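All residue numbers in this chain count up from 1 along the given sequence. Because the structure is predicted, anything quoted here is derived from the model rather than measured.
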Amino acid sequence: MVEAVDALVAIYLDVRRDGERFVDTYRRIGAEPFKERVYAAV
């Protein structure tokens, strides 16, 4: 579980724009990059 959360935070920090909230990043790029990172981490 910890690895999955770490992966989610990592992708968010990699792709967010200045001052962008997590939910805004998610809406902008969609779920797929998050899924790919989480599944690669486990």
Side-chain angles (χ1 to χ4, degrees):
M1 185 63 146
V2 173
E3 292 86 5
V5 173
D6 284 344
L8 290 173
V9 171
I11 187 69
Y12 165 63
L13 293 175
D14 288 347
V15 301
R16 73 178 174 155
R17 296 178 179 158
D18 286 341
E20 190 173 47
R21 299 176 308 160
F22 178 87
V23 68
D24 296 326
T25 301
Y26 180 85
R27 289 176 181 155
R28 180 171 54 82
I29 68 171
E32 199 57 35
F34 291 99
K35 287 180 184 178
E36 289 173 4
R37 184 75 64 100
V38 167
Y39 291 127
V42 289

Novice: Output all residues satisfying ring-ring contact (aromatic ring centres under 6.0 Å, His included) with Y12, sequence neighbours left out; order by chain, then residue number.
Specialist: F22
Novice: Output yes when R37 and D14 qualify as a salt bridge under the 4.0 Å nitrogen-oxygen rule, no when they do not.
Specialist: yes
Novice: Check salt bridge (Lys or Arg N to Asp or Glu O under 4.0 Å) between R28 and all other residues, then give those that pass, not counting sequence neighbours.
Specialist: E20
Novice: Could you state the interatomic distance from CZ (R17) to CG (D24), rounded to the nearest 0.5 Å?
Specialist: 10.0 Å
Novice: Using the rule that two of Ile, Leu, Val, Met, Phe, Trp, Tyr join whenever any of their side-chain heavy atoms come within less than 4.5 Å, decide whether Y26 and L13 are in one cluster.
Specialist: yes
Novice: Quick one: pull up OG1 in T25 and CD1 in I11 and give me the separation to the nearest 0.5 Å.
Specialist: 10.0 Å
